[in-house]
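Residue numbers start at 1 and run along the sequence shown. We use all heavy atoms of the structure for the numbers below, so side chains are in, but hydrogens, waters and symmetry mates are not.
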Amino acid sequence: MKRLYRRHFLLNILLLAILTITALLLTGCSSAQHRRIVRIGHNQSTSHPTHIALTAFQNYINEQLGDRYIVEVYPSELLGSQTDMVQLTQTGAIDYCIASNAILETFSKNYEIFNLPYLFASADSYHHAMDDSRITDPIFTATQKAGFTAVTWLDAGTRNFYTVNKPVESPADLKGLKIRVQQSPTNIEMMRLLGGSATPMGFGDVYTALQSNIIDGAENNEMALTDNGHGDVCKYYSYDMHQMVPDILIANNAFLQDLSDEDLAVFEKGYRLINQIQRKEWVKAVEAARKKAAEQQKVRFLYPDQAPFVEACTPLHRSVLENNPAIRPIYDAIQEYNALYPTITE
């Protein structure tokens, strides 16, 4: 298995070498010698909010610093899986990539906090907390020894339960239901506390499992209904909002350290641009997904009282904080935003 993984990694390195040679030929050796190619990889399609935002960053840097840098964005896992791209960013083979929280948690336990169910009371609380450097800096800088640092976050919406036949309006409705969850101990324990049966599996297997009644439902954001067809099978989508887990843009440390103060300031403005555009595009994408799910797939959207779900998962908060006391200050700061922006019901 390790040999296969190493082979896959080396193939990605070879691909990058070919891309470099091609770029030199296309731009001309004399000019390319003075322009640093900056590569960004991600796993979404070209129509996804993430790609739209990264393209805006590409255009901005190329316009502002085009005499010194050429930014290239590679979507749809062209540079490998997310795990591959994180390793490529570590080594400096590429400069940036979008990484999931689950992957980053393997480098720093600080990222564990985002897996907590009902960590954020509302989307407003989530957004304000993620914009607060007191909260994000201890998390984003925790991977520096691994060779990379987070430079901004991207909205991945709220994760909610959706089911084939039975609407979920309270934790009691989950009893006896087999629900696909992400492959993490936190999510498995969350389902146990809520009374459901956790069924971890790869995301690519979910549609078939729903269709064949292997599972009774899953949990994800609204675009799973439309982009992945889950709304063709699942007719109930319940806004319990159990998780709001950001995606993270990480950068190679050596690349960041080589930037002059002036160039770094331009890149940092670009990171803010990524965040702003991606969040705006995310809102549009969710609205479009909801409309399509309701009108074409006949999905019913439900808005259960969140309080019983939160109460059921309280023991998980206690156990995680006891086992990882370093995240307690971050957790407490998030609770301040929860008090300011409590749950919004529709």
Residues that Phe255 engages under ring pair (Phe, Tyr, Trp, His ring centres under 6.0 Å), provided they are two or more places apart: Tyr96, Phe267
Is Glu311 atom CD crowded by more than 12 heavy atoms from other residues, nucleotides or ligands, each under 6.0 Å away? no
Salt bridge (charged side-chain N to carboxylate O under 4.0 Å, His left out) partners of Asp216, counting only residues at least two apart: Lys178
Shared-cluster residues of Trp282, by chain and number - hydrophobic side chains joined below 4.5 Å: Met223, Val286
Under the rule for salt bridge (charged side-chain N to carboxylate O under 4.0 Å, His left out), what residues qualify as partners of Glu112, not counting sequence neighbours? none
Give every residue pair that meets the ring pair (Phe, Tyr, Trp, His ring centres under 6.0 Å) criterion with at least one member in residues 186-208, sequence neighbours excluded. Phe203-His230
Distance-only criterion, 3.5 Å: show the donor-acceptor pairs between side-chain atoms of residues 164-172 and protein atoms not counting sequence neighbours.
{"from": "Lys166", "atom 1": "NZ", "to": "Asp173", "atom 2": "O", "distance (Å)": "3.2"}
{"from": "Ser170", "atom 1": "OG", "to": "Ala172", "atom 2": "N", "distance (Å)": "3.4"}

Between Ile334 and Leu119, is any pair of side-chain heavy atoms under 4.5 Å apart? yes
Considering only residues two or more places apart or on different chains, which pairs with a residue in residues 163-194 satisfy ring pair (Phe, Tyr, Trp, His ring centres under 6.0 Å)? none
Could I get the full list of ring pair (Phe, Tyr, Trp, His ring centres under 6.0 Å) partners for Tyr237, not counting sequence neighbours? Tyr162, Tyr239, Phe301
Listed partners of Asp258 passing salt bridge (charged side-chain N to carboxylate O under 4.0 Å, His left out), at least two apart: none
Does His42 have any ring pair (Phe, Tyr, Trp, His ring centres under 6.0 Å) partners at least two apart in sequence or in another chain, and if so, which? His51
Those residues that, when tested against Phe140, pass ring pair (Phe, Tyr, Trp, His ring centres under 6.0 Å) (two or more places apart): none
Report the residues that fulfil salt bridge (charged side-chain N to carboxylate O under 4.0 Å, His left out) with Glu222, sequence neighbours left out, ordered by chain and then residue number. none
